[in-house]
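Just so we're on the same page: letters track the sequence lines, and every chain starts at 1. Bear in mind the structure is a predicted one, so any value in this text is a computation, not a measurement.
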Protein chains: 2
Amino acid sequence: MKGGIILASTIRDVAARAGLSVGTVSKYINGKTVKENTRLAIEEAIKELDFHPNNIAKGLRNAKSFSVAILLPMLDSTFCTSMISSIESTLLPLGYSVIVCECHNNAEMELRKTQYLIDRMVDGIVLIPYASDGKQIEMIQKSNIPLILLDQEIQDHATDCIVLDNELAGYESTQRLIDLGHKDIAIITGSPNHYTSNGRLNGYKKAMTNAGLTITDDYIQCGDYCIDGGYEAMMRLCKLQKRPTAIFISNYDMTIGAYLAINYLRLKIPDDISVIGFDNFPLANVVNPPLSFAEQPTNVMGTEAGKLLYRRICGDYSDYPKTIMHKPTMHYKESIRQLT
Amino acid sequence: MKGGIILASTIRDVAARAGLSVGTVSKYINGKTVKENTRLAIEEAIKELDFHPNNIAKGLRNAKSFSVAILLPMLDSTFCTSMISSIESTLLPLGYSVIVCECHNNAEMELRKTQYLIDRMVDGIVLIPYASDGKQIEMIQKSNIPLILLDQEIQDHATDCIVLDNELAGYESTQRLIDLGHKDIAIITGSPNHYTSNGRLNGYKKAMTNAGLTITDDYIQCGDYCIDGGYEAMMRLCKLQKRPTAIFISNYDMTIGAYLAINYLRLKIPDDISVIGFDNFPLANVVNPPLSFAEQPTNVMGTEAGKLLYRRICGDYSDYPKTIMHKPTMHYKESIRQLT
DNA sequence: TTGTAAGCGTTATCAC
DNA sequence: GTGATAACGCTTACAA
């Protein structure tokens, strides 16, 4: 207390109260051994003064902010929010708070916010990139802040990186439909040149080509990775003269949209159309018939990003740079059928 | 530079380089006027040394962390992610980074994370409460950290608070259906005793009672505020012997679920059932027929929370405590019809 | 207008 | 094992 204003007590107050020096108290707090007697004295003083260490002072001394940032393109996708959730769960218990920065699918803003985070002295960054030229990465690396790339790799930039084997996801989904006798197989994609969307599309093309099937432009519809994009894309596909007999929808949000369209058009799954969606759709097991989907282990990926970032923050670069590519898990349910 | 390790330059380096004192440089940086000559010298030194002020040191000196937190129940709801987005957009330009804390619908974790944020010395907190006993609020208020409640009020706890007029939303939606001649009107709600869900349910009941209509328990189905809960609730309603002719779905995520169920069951909107949903559903204008809904101005609410929090952080308590109750905007589209 | 120096709360390096 | 003291980078009286 000072001048009538109640101030939080400091380590100095604790030391005085316990009849010890600040050095000793600091050591105890940081886990070094002290004599039983002093331990008791300190603990009591801490309790009585309701002492909480000042993180900012700690940070100044250690040149750390005890915070990490997740910089992402847009908060409207299930993928991104799921990542925030698992990264926060992983890093908060380790003493790091998670700052969220959204660049609104805007490359210039992505750079601005990158600089902001550097100035803010975050201890680490998880980046779900928007721009693919790698400028953000260069800035972060120049500042020596540990960085984990999530969801996308960026060409010619060596970083730790956690991604899905997107091509495999596209390939396996499509191959399954081919195995079931389908030839008129459509895909709903994200924007052209989008990293994950391209990977999934390439898998689709590879499977089609391998099977000697023709790739029809009309059967490749962009749904912009969002609910209404998926809805619109599905509507376009169903209005084609020759409606596809099967479809692979390459992300979660578009799957919801496509599903709404299919139901709205009164198409019967799988009689009229076989469907494979993407990501662990909450509805997958609720809708009837259950939906087939390629599962991206979002939870594992986010947790892994958090853990790897923590190791880098702690200075463990033994396996740097590390790229972890996750395999999708395929779930085949009754939403797909054998074409006879 | 020191001992071969490249360190970020400090205000001291800038002062030395410019041939001035740190005090002068600090003043310039903080917007006080200096002589033209010194200004030029400082600017040049800053540029040459690529100087960025150290936020942590600044924070220690000013007893500020330049960060605010948003503490919320669960990241899986559109409402919450939308709030993060608008709060971040508002406060980042004002120099505050936004820390996200999720309590996973767990009251004990909510208290733990509240304490964490207090220890972390965030400069302000936006709370979307989970527990309704107000213990989190007491902790925050005791620590003198500015607090804005969002989405819910808590009884007997005076705080700044931004909410929707939930009862009005429920009332107007239901009343509209009544005006159209419906008598068998159902509602899909969140969990019992949930603040916003109860408000919306009360509005429903009020409208029904005012109109002299009987309230049937079967017509009040809990959908847990999530997609699959909405789906399941809708399925239950449609299996009733006497299916309702109209329905009000009291949040966004359940609206998606209910819609999937309706489409799956091949019910025609509005011929078989009239539907009013909730929140600015991306699909509202995409689905056919367009969906009627009660719009909660989430964007406005989040921005307002950010602005008000900033004012409190700046010490402006002129209108404390302030409760802002927003009116829903009703959008009536072709998803509802006159019952003849 | 500019310079000086104390201090924010911690940790680390010495001595003892 | 413990204590004294010097940093960490910045702001702010106060002095010049």
Side-chain angles (χ1 to χ4, degrees), chain A residues 1-3 5-43 45-46 49-67 95 118-121 123 143, chain B residues 1-3 5-43 45-46 49-66 95 118-123 143:
Chain A
M1 320 227 184
K2 257 184 209 172
I5 300 176
I6 298 173
L7 292 177
S9 52
T10 73
I11 197 172
R12 213 179 241 93
D13 303 327
V14 173
R17 175 103 191 181
L20 294 161
S21 76
V22 283
T24 308
V25 176
S26 169
K27 271 165 214 149
Y28 167 71
I29 289 172
N30 290 286
K32 319 255 178 203
T33 40
V34 297
K35 270 211 293 223
E36 181 67 4
N37 269 350
T38 65
R39 187 180 66 78
L40 292 172
I42 294 173
E43 279 174 359
I46 288 179
L49 296 170
D50 189 32
F51 167 74
H52 296 266
N54 181 319
N55 262 287
I56 303 178
K58 222 160 156 166
L60 176 58
R61 180 60 229 219
N62 299 332
K64 296 195 59 162
S65 65
F66 298 102
S67 60
I118 294 171
D119 289 349
R120 210 69 198 45
M121 308 188 87
D123 297 332
S143 75
Chain B
M1 318 228 186
K2 257 185 209 172
I5 299 176
I6 299 172
L7 292 177
S9 52
T10 72
I11 197 172
R12 214 180 240 91
D13 303 326
V14 174
R17 176 104 190 183
L20 294 161
S21 77
V22 284
T24 309
V25 177
S26 169
K27 271 164 216 150
Y28 167 72
I29 290 171
N30 290 286
K32 319 255 178 201
T33 41
V34 296
K35 269 211 296 222
E36 181 68 3
N37 270 349
T38 66
R39 186 179 67 76
L40 291 172
I42 294 173
E43 278 174 0
I46 288 179
L49 296 170
D50 189 31
F51 167 74
H52 296 264
N54 181 320
N55 261 288
I56 303 178
K58 221 162 157 167
L60 176 58
R61 178 62 230 224
N62 299 331
K64 296 196 59 161
S65 65
F66 298 103
I118 294 170
D119 289 349
R120 209 69 197 46
M121 310 188 86
V122 294
D123 297 331
S143 76

> Do B:T10 and B:N54 touch side chain to side chain, with heavy atoms closer than 4.5 Å?
Replying inline: no
>> Going by the rule side-chain hydrogen bond (donor to acceptor under 3.5 Å, both in side chains), which residues pair with A:R61 if we only count those two or more places apart in sequence or in a different chain?
In response: none
> Nearest-Å distance, NZ (A:K58) to P (D:dG9)?
Replying inline: 19 Å
> Whole Å only: how far is the CG atom of A:L49 from the C1' atom of C:dG9?
Replying inline: 15 Å
>> Does A:N55 reach a base, just sugar-phosphate, or nothing at all? Heavy atoms under 4.0 Å.
In response: nothing
> What pairs of residues pass the salt bridge (Lys or Arg N to Asp or Glu O under 4.0 Å) test when at least one of them lies in residues 18-28 of chain B, not counting sequence neighbours?
Replying inline: none
>> Just to be sure I understand the rule, does B:Y28 reach a base, reach only the sugar-phosphate, or reach nothing, if contact means heavy atoms closer than 4.0 Å?
In response: nothing
> Excluding sequence neighbours, so at least two apart, what forms side-chain hydrogen bond (donor to acceptor under 3.5 Å, both in side chains) with B:K64?
Replying inline: B:Y96
> Roughly how far apart are A:S26 OG and A:R12 CZ, rounded to 0.5 Å?
Replying inline: 11.5 Å
>> Applying a 4.0 Å non-hydrogen cut-off, can you work out what A:T10 is touching in the nucleic acid: base, sugar-phosphate, or nothing?
In response: sugar-phosphate
>> Return the CZ to OG distance between B:R17 and B:S9, rounded to the nearest 0.5 Å.
In response: 10.0 Å
> When you measure from every atom of DNA chain D, which of residues 29-41 of chain A have a heavy atom less than 4.0 Å away?
Replying inline: A:T33, A:V34, A:K35, A:T38
>> Tell me every residue that passes side-chain hydrogen bond (donor to acceptor under 3.5 Å, both in side chains) with A:D119, counting only those two or more places apart in sequence or in another chain.
In response: A:Q115, B:H52
> Which angle, rounded to 10°, do you find between the first-five-pair axis and the last-five-pair axis of the helix from C:dT1-D:dA16 to C:dC16-D:dG1?
Replying inline: 40°
> Rounded to whole angstrom units, what separation is found between the CD1 atom of B:I56 and the P atom of D:dA7?
Replying inline: 20 Å
> For the atom pair CG (B:L20) and CD1 (B:I11), what is the distance rounded to the nearest 0.5 Å?
Replying inline: 11.0 Å
Check the interface with nucleotides 3-6 of chain D: list each N/O to N/O pair with the protein under 3.5 Å, or write none.
unit_1, atom_1, unit_2, atom_2, d
D:dG3, OP2, A:S21, N, 2.9
D:dG3, OP2, A:S21, OG, 3.3
D:dG3, OP2, A:T24, OG1, 2.6
D:dG3, O6, A:K27, NZ, 2.7

> What residues, two or more places apart in sequence or in another chain, satisfy side-chain hydrogen bond (donor to acceptor under 3.5 Å, both in side chains) together with B:R39?
Replying inline: B:E36, B:E43
> Expressed in angstrom and rounded to an integer, what is the separation of B:I11 atom CD1 from C:dC8 atom P?
Replying inline: 19 Å
> Taking only residues two or more places apart in sequence or in another chain, which ones pass side-chain contact (heavy atoms from CB on, under 4.5 Å) with A:L60?
Replying inline: B:I56, B:A57, B:L60
> Taking atom P of D:dC8 as reference, at what distance in whole Å does atom CG of B:N54 sit?
Replying inline: 12 Å
> In whole angstroms, how far is the P atom of C:dT10 from the CG atom of A:D13?
Replying inline: 9 Å
> Distance from B:I42 atom CD1 to B:F51 atom CZ, nearest 0.5 Å?
Replying inline: 10.5 Å
>> Could you tell me how far apart B:F66 (CZ) and D:dC10 (C1') are, to the nearest whole angstrom?
In response: 10 Å
